[in-house]
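Just so you know, these numbers use all the heavy atoms, side chains as well, and skip hydrogens, waters and symmetry mates. Please read these numbers as outputs of a predicted model, since none were measured by experiment.
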Amino acid sequence: MGLWDKVKGEFIDIIEWLDDSRDTIVWRFPRYQNEIKMGAKLVVRESQVAVFVNEGQIADVFVPGTYTLQTQNLPILSTLKGWKYGFDSPWKAEVYYVNTRQFTDFKWGTQNPVMMRDAEFGMVRLRAFGAFSMRVVDPEKLLRELVGTDPQFRTEEVQEFLRQLIVGHLGPALAAAQVPVLDLVAQQLVIGQKLAGVLSEELTGYGVHIPKFIIENISLPPEVEEALDKRTSMGVLGNLDQYSKFQAANAMQDAANNSGGAGEGFGLGLGMAAGQRMANAINQPPAAAPPMSPPPAGPPPLPRQDQWYAGVNGQQAGPFDLAALAAQAHSGAVTRTTQVWKNGMPQWTAAGQVPELSGLFASVPPPLPPQG
């Protein structure tokens, strides 16, 4: 091998980039003091753009394809180098590959809650998180504004900047939407689309576009969510009285299927529940009296007469109404000494000692005095 072959081996013949990562946005071709010779091949694959930089100044840009580098397809670099009529000697330049595919591994979230005025709840604090995708649409602006001379510009280097930009626009976007907090879930897709447009316009100067913005969740503070859960539970239960009866019926069925201690415990619980209902009934104000019904046509029913019982010949006889008892007195079956009783009397009493029956014996002579 001659000297020229050794020198020739130091020249770069093929310029290409096979991306083995998922997070590299810009990659600089490692030249290592080597020179690019005229006639070298440049390979730019789909989702790539190759940018030549000469002495810190952006020169030519190549879209996907395979190129043989000549002064004809390097017009800007040829002008910078002063190649007016073509030049075949090796030359030095920096080559940056820019990845133009869509990066979908960006996450965002609010470290601090965003204040919002809600028509129903007043002032509320909201937290939100989600994901978004990013794509480079202008490699020259990206190199000038963000990359500089970074040999490997990765997504992590721009992620925090994008997150802060998103959080800064999130509050105004939620306020401009004028959607109640309870309806935000239904509007998340629309709000995300609007934010994608706003962020893309904001990032135009950096050569970056946001094709997709996803709001995964918007949440309230824990204490507010707990209050909403209680309110939801009350709405689900509906009529609490009907729900209590339903629960009691289920408990009775379970107790019937489980004898022993479980049934006894249920009986105690049922008694306590009954006592609670009675106390509630006592504490409740008296219900208004129902309106009086009109008197029925015709005379009222006759009053019910007392029913009497008498001890005749050691046997209980009766019941007798007052007229029947008087007939018994006239026949001599019932005398002043006969024991009688009716409902309301504490015990059996001699008929002659009952004031109500004194008239029965007015026409009946008393017993004859004993004969001496």
Is the closest side-chain heavy-atom distance between Thr68 and Leu42 below 4.5 Å? no

Looking at Thr155, Val147, Thr100, which hits side chain to side chain contact (heavy atoms under 4.5 Å, CB included) with Ile25? Thr155

Donor-acceptor side-chain pairing of Gln339 and Thr349 below 3.5 angstrom: no

Can you get from Ile191 to Val198 by hopping between Ile, Leu, Val, Met, Phe, Trp and Tyr side chains that sit under 4.5 Å apart? no

Got Thr71 and Met38 here, is their nearest side-chain heavy-atom distance under 4.5 Å? yes

Less than 4.5 Å apart, side chain to side chain, heavy atoms only: is that true for Ile218 and Gln188? yes

Spacing of OG1 belonging to Thr110 relative to CG belonging to Leu126, to within rounding of 0.5 Å: 8.5 Å

Given side chains that start at C-beta, do those of Arg101 and Arg135 come closer than 4.5 Å, heavy atoms only? no

Tell me which one of Lys212, Gln102, His209 satisfies side chain to side chain donor-acceptor pair (under 3.5 Å) with Ser133. Gln102

Would you say the ring centroid of Phe213 lies under 6.0 angstrom from that of Phe106? no

Atom CD of residue position Gln353 - does it have more than 12 heavy atoms of other residues, nucleotides or ligands inside 6.0 Å? no

State, with a plain yes or no, whether a side-chain heavy atom of Val26 is found less than 4.5 Å away from one of Gln152. no

Tell me whether Arg163 forms a cation-pi arrangement with Phe161, defined as NZ or CZ under 6.0 Å from the six-membered ring centre and within 45 degrees of its axis. no

So Asp13 and Lys37, salt bridge (Lys or Arg N to Asp or Glu O under 4.0 Å) or not? Walk me through it. CA-CA 7 Å; Asp13 293 322; Lys37 70 176 182 180; 2.7 Å; yes

Quick check: do Trp108 and Phe132 have side-chain heavy atoms less than 4.5 Å from each other? yes

Looking at Lys81, I want to see if its NZ is surrounded by more than 12 non-hydrogen atoms of other residues, nucleotides or ligands under 6.0 Å. yes

All ring pair (Phe, Tyr, Trp, His ring centres under 6.0 Å) counterparts of Tyr67, not counting sequence neighbours: Phe62

Hey, can you tell me if Trp17 and Tyr97 have their rings parallel, tilted or perpendicular (30° and 60° cut-offs)? tilted

Does the salt bridge (Lys or Arg N to Asp or Glu O under 4.0 Å) test come out yes or no for Arg45 and Glu16, once each step is laid out? CA-CA 8 Å; Arg45 291 174 171 81; Glu16 64 179 347; 3.1 Å; yes

